[in-house]
Amino acid sequence: METNRRATIVDVASAVGVSRQTVSRAMNDMPGISARTKERVLEAARVLGYRPSRFGRGLVKRGQQTVGLMVNNLRNPYFPELAAAIVAHAARLDWSVLLLDTSGIDDQRELLSKLAPQVDALLGYVDLSKRELDLILPGVPVIRIDTTSHSGAANWGGVQFDLLPGLREAIAHLRSRGVSRPLVLDSGGADGRPSLRARVIVKEWAAQGIDAPVLETGRDDVHSGEATTALHLDQVQSADAIMAFNDYTAFGAMKALRRNGIHVPEDIRVMGIDGLAAGTYTTPELTTLGVDMEEAAEATMSITRSLLDPAHSPGPRWQRISHRLILRESA
């Protein structure tokens, strides 16, 4: 069977040596076939990555698709901005979007098992491994957003965000303003080490011959950014710039600085990452690194179309989008 197309009912029938009607009965738990035959059909469907067409079951209009969009925390303005862009692009295709916030979910496997019959593709911040998803969502394309990996597996794609172009532009800007004592305000990685993002920032400053100490907040939200900045105020006051893990954390840092009489950008410059429109609501407005949300959404939907229908929508399964410096008042 070709690996660049989705398995069909014909593929399953051929593999087992039964009719299409038998496959349909097995997949839909209908009577008229033996338990052994049903077991063989279901196993072949799993191996081949076949899932019954939602069109064939009369659940949707032909040409319409439903995608599941997984995000980590809708309280962080980044995810609503991303979701809004994805929904807008999906609407232009007459597609539906099921939005899943996993911040309060202990078992993503159970959630996705319930979701399986409802979606044609899974997008977003997907943490489960390919092996797990192949069992839960056999044959369903998975498109990861802001991924650092590049899988060659069929039915997998992703949009990679390249921080380096914007980061190097940001460091050059800060250096031109005389910054020599930067501080990284990091959320911390899952393994207790600084996050990958923080390690990249530290490495780029080191390339300039400058040490950038890291303060760990524990979480990437406003409260954690504010609390950590206040707790380490002496160290913060010795710095002349803060580069925060994201805009959300930077908002908290600026609150703590203001409450302690430290002026931004006169006493210390502050920069976030994510490019949120919410950064224009702060005083001063937040300088940040960001990707174009519209470009990210368009790339995501383009990859999704190519995986769902490669014959009519051919295209790359992986795309890279670069961060850029969005210069505002805080830096």
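Throughout, numbering of the chain's residues begins at 1 and tracks the sequence. Hydrogens, waters and symmetry mates are skipped; everything else that's a heavy atom, side chains included, is used.
Remark: the backbone N or O of V71 is paired with a side-chain donor or acceptor of T102 at under 3.5 angstrom. Looking only at distances, a side-chain donor or acceptor of R199 sits under 3.5 Å from a matching main-chain atom of P194. Under a 3.5 Å cut-off, the side chain of Y248 and the backbone N or O of R75 do form a donor-acceptor pair. Remark: side-chain polar atoms of N73 are not paired, donor with acceptor, to backbone N or O of S103 under 3.5 angstrom. For T37 (side chain) and I33 (main-chain N/O), no donor-acceptor pair under 3.5 Å exists by modelled atom type.
Among all heavy-atom pairs drawn from I303 and G157, the shortest one is CG2-CA, 4.2 Å. Minimum heavy-atom separation, A212 to V202: O-CG2, 3.5 Å. Taking every heavy atom of both residues into account, G68 and V119 meet most closely at N-CG1, 3.7 Å. The minimum heavy-atom distance linking A26 with K38 is given by the pair O-CE, 3.9 Å. Annotation for S306 and P314: closest pair CB-C, 4.3 Å, computed over non-hydrogen atoms. Between L48 and A15, the shortest heavy-atom contact is CD1-CB, 4.2 Å.
When the ring-ring contact (aromatic ring centres under 6.0 Å, His included) test is applied to Y125, the partners found at least two apart in sequence or on another chain are F79. Residues satisfying the salt bridge (Lys or Arg N to Asp or Glu O under 4.0 Å) criterion with E294, sequence neighbours excluded, are absent altogether. Evaluation of the side-chain hydrogen bond (donor to acceptor under 3.5 Å, both in side chains) rule for S224 yields D221 as partners, not counting sequence neighbours. Looking at residues two or more places apart in sequence or on another chain, you find a side-chain hydrogen bond (donor to acceptor under 3.5 Å, both in side chains) between E132 and R109, S129. Residues satisfying the side chain to side chain contact (heavy atoms under 4.5 Å, CB included) test with P316, not counting sequence neighbours, are Q319. When the salt bridge (Lys or Arg N to Asp or Glu O under 4.0 Å) test is applied to R36, the partners found at least two apart in sequence or on another chain are E39.
Both I321 and M301 sit in one connected hydrophobic cluster of ILVMFWY residues. Membership requires side-chain heavy atoms under 4.5 Å apart, directly or through other members. A single hydrophobic cluster is not seen to contain both L231 and L185; linkage of ILVMFWY side chains at heavy-atom distances under 4.5 Å, directly or through other members, places them apart. Residues F245 and L164 fall into different hydrophobic clusters, defined by Ile, Leu, Val, Met, Phe, Trp and Tyr side chains chained together at heavy-atom separations under 4.5 Å. The same ILVMFWY cluster, assembled from side-chain heavy atoms under 4.5 Å apart, contains both M293 and V97.
For the pair R320 and F161, the cation does not sit on the ring face, since its NZ or CZ is not both under 6.0 Å from the ring centre and inside 45° of the axis.
In this structure the side chain of E43 reaches within 4.5 angstrom of the side chain of V47, judged on heavy atoms. Between R144 and W156, the closest side-chain pair of non-hydrogen atoms falls below 4.5 Å. You'll find the side chain of L286 reaches within 4.5 Å of the side chain of F251, heavy atoms only. Within the 4.5 Å cutoff, side-chain heavy atoms of L133 are placed close to those of V126. Looking at heavy atoms from C-beta onward, L69 lies out of side-chain contact with L100 at the 4.5 angstrom threshold. Contact of the T217 side chain with the D186 side chain is not registered, since no non-hydrogen atoms from C-beta on lie closer than 4.5 Å. Considering only heavy atoms from C-beta on, M70 stays 4.5 Å or farther from L123 through its side chain. Put simply, the side chain of I143 does not reach to within 4.5 Å of the side chain of L122, judged on heavy atoms.
The side chain to side chain donor-acceptor pair (under 3.5 Å) contacts involving residues 322-331 comprise nothing, where partners must be two or more places apart or lie in separate chains. Sorted pairs that involve residues 23-43 and meet ring pair (Phe, Tyr, Trp, His ring centres under 6.0 Å), not counting sequence neighbours, are lacking altogether. Sorted by first and then second residue, the ring pair (Phe, Tyr, Trp, His ring centres under 6.0 Å) pairs involving residues 163-185 (not counting sequence neighbours) form an empty list. Every pair passing salt bridge (charged side-chain N to carboxylate O under 4.0 Å, His left out) that includes a residue from residues 234-245 is listed here, sequence neighbours excluded: R181-D240. Residues in residues 279-293 take part in these side chain to side chain donor-acceptor pair (under 3.5 Å) pairs, two or more places apart or across chains: D247-T288.
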side-chain contact (heavy atoms from CB on, under 4.5 Å) for V159 and W318? Distances and angles first, verdict last. CA-CA 6 Å; V159 179; W318 299 87; over 6 Å; no

Stepwise side-chain contact (heavy atoms from CB on, under 4.5 Å) check, T66 with Q118: CA-CA 7 Å; T66 297; Q118 305 177 55; 5.5 Å; no

V67 and D120: CA distance, side-chain angles, deciding distance, side-chain contact (heavy atoms from CB on, under 4.5 Å) verdict: CA-CA 6 Å; V67 298; D120 299 290; 5.5 Å; no

Might you work through the side-chain contact (heavy atoms from CB on, under 4.5 Å) test for L233 and Q237, ending with a clear yes or no? CA-CA 6 Å; L233 199 60; Q237 286 180 307; 4.2 Å; yes

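Note that CD1 of I171 and CZ of R168 are 8.5 Å apart. Values are rounded to the nearest 0.5 Å. Separation of atoms CG (L183) and CD (Q235) is listed at 5.5 Å; rounding is to 0.5 Å. To the nearest 0.5 Å, atom CZ of residue R40 and atom OG1 of residue T22 are 10.0 Å apart. S187 contributes atom OG, which lies 7.0 Å from atom CD of E216 (distance to the nearest 0.5 angstrom). For the atom pair CD1 (I242) and CG (L215), the distance works out to 8.0 Å, reported to the nearest 0.5 Å. A distance of 10.5 Å separates CG of D146 from OG1 of T300, quoted to the nearest 0.5 Å.
The environment of K203 atom NZ is sparse: at most 12 non-hydrogen atoms of other residues, nucleotides or ligands sit within 6.0 angstrom. Within a 6.0 Å sphere centred on CZ of R305, heavy atoms belonging to other residues, nucleotides or ligands number 12 at most. More than 12 heavy-atom neighbours from other residues, nucleotides or ligands sit within 6.0 angstrom of CZ on R92.
For the side chain to side chain contact (heavy atoms under 4.5 Å, CB included) test with N246, the passing option among D274, L276, L289 is D274; the others fail.
Between the side chains of S14 and D11, no donor N or O sits under 3.5 Å from an acceptor N or O.
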Solution key, residues 257-273 side-chain donor-acceptor pairs under 3.5 Å, sequence neighbours excluded:
residue, atom, partner, partner atom, Å
R259, NH1, E226, OE2, 2.5
N260, ND2, A256, O, 2.8
D267, OD2, H263, N, 2.7

